[in-house]
Amino acid sequence: MNKKILSIGIILTVALSSCSVTNDADTILFNGKIVTVDENFTIAQAVAINGERIETIGSDSEVLRLSGPNTSKIDLQGKTVLPGLIDAHLHPLDAAVSELHEEIPDVHTLRELLECIKKQTEEREKGEWIIHPMFFPTRLQEMRQPNLDELDLVAPDHPVFLNGSYGGMINSCALRKSGIDSYTKHPGILKDPETGEPNGIIRFSAFKLIEKTMPDRTISYEQELDALEKMIRRYNQVGITGITDGTQTTQAGVRKYLDLNSQNRLSIRVNLTVRTPDYESKDQFLNELTQWGFYSPFGDEWVKISQLKSSIDGGILTGTAYLRQPWGLKAKEIYGIDDPEYRGIVKVSKDELFGMASAANEMGWKMTAHVTGGGGVDLLLDAYEGADKESPIAKNRFSIIHGNFFTSEAIERCARMEVISDMQPAWFYKDADAMNYILGEERIKTFLPARSMIDGGMMLNGGSDHVVKFDSYSSRNPYNPFLGMWVLITRTTERGTVICADEAISREEALRIYTINNAYGTFDENIKGSIEPGKLADMIVISADYLSCPVDSIRTIQVEKTILGGLVVYSK
């Protein structure tokens with residue numbers, strides 16, 4: 001035989017052999033129910049993974065043809081597979097270190113709270129701070145703040161701070177230690193209208209007065225990194241494969257994720273949020289955005305900067321959210337608010353918001369904002385509409401974080417401009433009873449009206465706003481996505497109340513919110529959010545059939561495997 005022909009034959013044989021190896025899937029999951037969440041909500045039996053990507057989906061016989069001698073085959077034994085779940089808004093950097101020193105008590109009644117504080121006084125030296133880093137009185141069964149006398153009775157010699165993020169409560173010892181008395185003039189220090197003495201209720205703007213006297217619990221960078229890695233692993237355990245860190249991230253925060261990734265310790269895909277520059281003028285704002293040297297979205301499939309964030313008002317649980325109408329009579333009972341015309345706080349003006357939105361849109365940035373009251377929603381939409389008239393904002397996927405209160409008019413405006421609602425179903429679970437009591441039956445109809453929002457053409461994203469505690473159910477706020485989906489499907493609160501049942505949505509719609517919708521919110525719908533050929537192999541195996549199990553079983557679904565980029569990062 002001609003040597004040249006023989007040589008060519010050998011080359012062809014090697015080439016064909018190489019092709020056959022390449023065509024073998026690395027991993028095949030079969031004999032299951034693969035819920036793809038593609039456009040048609042296709043259900044398949046099996047899925048093949050090659051490298052970090054999904055190769056194909058289909059029946060067992062179709063997909064198993066791709067197996068070879070080195071293919072890892074996982075028999076699902078009828079179990080359900082979902083796309084990896086995504087949390088659109090949470091605070092992992094804070095959550096990761098929140099219980100490093102001690103467990104944060106999970107109290108549900110005023111008595112439990114006071115007993116917990118009393119016990120801590122017995123374990124600490126006099127004068128040592130007792131701090132609850134995320135306390136909301138409306139989540140107690142009594143739905144009220146402890147008063148100054150009650151706190152002083154259980155902790156006469158220990159400063160106490162119940163931190164509600166945008167407001168809080170301190171006792172007399174904390175007032176003395178911080179140098180606050182009847183002569184202190186500060187809008188964040190609330191006083192008894194009869195005596196003029198501080199009543200212990202404080203607003204966020206006054207936190208600096210007390211924080212300067214608190215202990216500094218610094219830890220090393222490596223400890224922070226280890227804590228963040230462990231927190232992310234907890235997210236993996238409940239099926240989360242992607243997050244958006246809603247904190248206005250600093251360079252140090254970005255570095256932590258990048259360092260974990262470079263050390264192969266990052267088991268989640270991260271989108272980051274950066275703070276809007278201080279607004280002095282549009283030119284100054286544009287100049288600062290330009291000087292950053294990066295744009296939105298900026299990064300890769302693991303760590304990416306995706307949005308600019310401003311902050312408009314306070315919070316619904318401290319009476320500082322900016323509402324459309326005054327808070328009403330119950331606000332005095334719950335929050336100590338005397339002004340009958342009080343609507344909440346506003347941190348930025350309409351003109352400043354418009355300038356930010358216009359500049360962000362011009363530079364191709366996605367803009368979002370923390371806003372918790374309906375008045376804040378309308379204010380933000382006014383700014384977005386101004387920017388939209390200059391150039392459509394839909395291309396940059398502007399959004400509203402929290403929002404909470406959406407009227408039919410607000411829904412129509414959002415749908416028209418394609419503004420995304422970044423909602424927190426766990427807030428409804430925890431807080432709808434309190435909002436119903438404080439605001440009344442008419443206004444509660446606008447509290448996270450998911451059915452009306454979807455029917456009105458809005459895109460919904462789902463997040464938890466998790467910020468403290470480690471457990472997925474008892475955290476403030478709970479970050480278990482199946483609890484969030486169950487709330488959207490049932491409209492049931494922690495107290496067992498069903499509120500506005502007609503605003504419930506289907507299982508399919510709830511799952512889309514935590515998968516493909518959240519991927520769309522970060523410009524990632526082409527690489528994740530559904531189980532489709534060519535996308536990243538991010539998926540989870542769960543303990544029950546999400547689509548057909550009893551509805552109340554959804555909230556307790558367990559994750560048996562979490563797969564990220566084709567690799568198992570958690571296995572029960």
Side-chain angles (χ1 to χ4, degrees), residues 89-91 94-95 98 104-110 112-113 131-147 161-170 188 190 200-207 246 311-323 326-328 330-337 342-347 370-377 401-405 422-440 443-444 446-448 463-469 474-479 484 487 493-495 497 499:
H89 182 83
L90 73 179
H91 303 271
D94 292 325
S98 64
I104 298 167
D106 182 26
V107 296
H108 296 271
T109 68
L110 192 59
E112 287 177 357
L113 172 68
I131 303 168
H132 196 306
M134 196 59 65
F135 170 78
F136 301 118
T138 52
R139 291 184 176 178
L140 297 177
Q141 285 183 15
E142 297 85 353
M143 216 179 292
R144 74 168 176 86
Q145 299 256 26
N147 58 47
F161 178 33
L162 306 177
N163 184 348
S165 186
Y166 293 96
M169 183 79 191
I170 55 179
L190 274 65
I201 300 174
I202 62 174
R203 296 283 179 252
F204 178 73
S205 59
F207 279 16
S311 185
I312 293 176
D313 63 357
I316 59 173
L317 301 183
T318 54
T320 51
Y322 183 59
L323 305 186
W327 271 87
K330 297 286 177 59
K332 181 175 182 179
E333 173 191 339
I334 303 295
Y335 306 119
I337 298 168
Y342 174 79
R343 291 173 58 189
I345 64 171
V346 180
K347 299 179 181 179
H370 162 104
V371 53
T372 61
V377 169
I401 297 174
H402 314 312
N404 296 322
F405 300 98
D422 183 350
M423 61 167 25
Q424 285 66 49
W427 282 21
F428 186 91
Y429 176 68
K430 286 282 189 181
D431 306 320
D433 286 295
M435 290 300 102
N436 192 24
Y437 175 74
I438 297 168
L439 300 177
R443 285 198 276 184
I444 199 65
T446 67
F447 189 44
L448 299 186
S464 63
D465 199 32
H466 176 228
V467 66
V468 298
K469 287 188 71 64
S474 65
S475 289
R476 315 282 193 277
N477 303 294
Y479 62 84
V487 171
T493 71
E494 188 175 29
R495 299 176 189 230
T497 313
I499 295 179

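Note: hydrogens, waters and symmetry copies are ignored here, and every other heavy atom, side chains too, is used.
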Beyond-backbone contact of V371 with I401, side-chain heavy atoms, under 4.5 angstrom: no
Let me see the working for R443 and L323 under side chain to side chain contact (heavy atoms under 4.5 Å, CB included), right down to the final yes or no. CA-CA 10 Å; R443 285 198 276 184; L323 305 186; 3.8 Å; yes
Mind checking side chain to side chain contact (heavy atoms under 4.5 Å, CB included) for R139 and listing every partner two or more places apart, or none if nothing turns up? F136, L317, W427, K430, D431, R476, N477
Applying side-chain hydrogen bond (donor to acceptor under 3.5 Å, both in side chains) to S98 and not counting sequence neighbours gives none
Tell me if a side-chain donor or acceptor on W327 pairs with a main-chain N or O of A321 at a distance below 3.5 Å. yes
What heavy-atom pair brings S165 and M134 nearest, and what distance separates the two atoms? CB-SD, 4.0 Å
Anything under 30° is parallel, anything over 60° is perpendicular, the rest tilted; go ahead and classify F207 against F161. perpendicular
Checking Y342 side chain against G319 main chain: does a donor-acceptor pair fall under 3.5 Å? yes
One pair to check against side chain to side chain contact (heavy atoms under 4.5 Å, CB included): L439 and F447. What are the steps and the verdict? CA-CA 10 Å; L439 300 177; F447 189 44; over 6 Å; no
Going through the distances and angles, do F405 and I316 end up as a side chain to side chain contact (heavy atoms under 4.5 Å, CB included)? CA-CA 10 Å; F405 300 98; I316 59 173; 3.9 Å; yes
Between Q141 and H108, is the side-chain hydrogen bond (donor to acceptor under 3.5 Å, both in side chains) condition met? List the steps. CA-CA 6 Å; Q141 285 183 15; H108 296 271; over 6 Å; no
Rounded to the nearest 0.5 Å, how far apart are OG of S464 and CD of Q424? 7.5 Å
Do D433 and T493 pair up side chain to side chain, a donor and an acceptor below 3.5 Å, judged on atom types alone? yes
So if I apply the side-chain contact (heavy atoms from CB on, under 4.5 Å) rule between Y335 and each of T320, T138, I201, which one comes out positive? T138
Okay, side chain of H370, backbone of G314: is any donor-acceptor separation there less than 3.5 Å? yes
Which distance, rounded to the nearest 0.5 Å, do you find between the NE2 of H402 and the CE of M423? 12.0 Å
Closest non-hydrogen atoms of R144 and N147, given as atom of the first, atom of the second and distance, are NH1-N, 4.1 Å
At what distance, to the nearest 0.5 angstrom, does OG1 of T318 lie from CZ of R203? 6.5 Å
What distance separates I202 CD1 from N163 CG, expressed to the nearest 0.5 Å? 7.5 Å
T497 (side chain) donor-acceptor with I499 (main chain) under 3.5 angstrom: no
Quick check: do F135 and L113 have side-chain heavy atoms less than 4.5 Å from each other? yes
To check you understand the geometry: which heavy-atom pair defines the closest contact between P425 and V487, and what is its length? O-CG1, 3.5 Å
Rounded to the nearest 0.5 angstrom, the OH-CD1 distance for Y437 and I334 is 5.5 Å
Walk me through whether V467 and L90 qualify under side chain to side chain contact (heavy atoms under 4.5 Å, CB included). CA-CA 7 Å; V467 66; L90 73 179; over 6 Å; no
Please say whether more than 12 non-hydrogen atoms of neighbouring residues, nucleotides or ligands are located less than 6.0 Å from NZ in K330. yes
Between CD1 of I131 and CG of L162, what distance do you get to the nearest 0.5 Å? 10.0 Å
Pairing residues for H132 by the side-chain hydrogen bond (donor to acceptor under 3.5 Å, both in side chains) criterion, not counting sequence neighbours: none
Taking all atoms of both residues into account, what is the closest heavy-atom pair of S205 and G188, and its distance? OG-CA, 3.6 Å
Note: S475 and V468 closest approach over all heavy atoms is CB-O, 3.5 Å
May I ask you to test the E333-M143 pair for a side-chain heavy-atom distance under 4.5 Å? no
Of all heavy-atom pairs linking K347 and S311, the shortest is NZ-OG, 3.4 Å
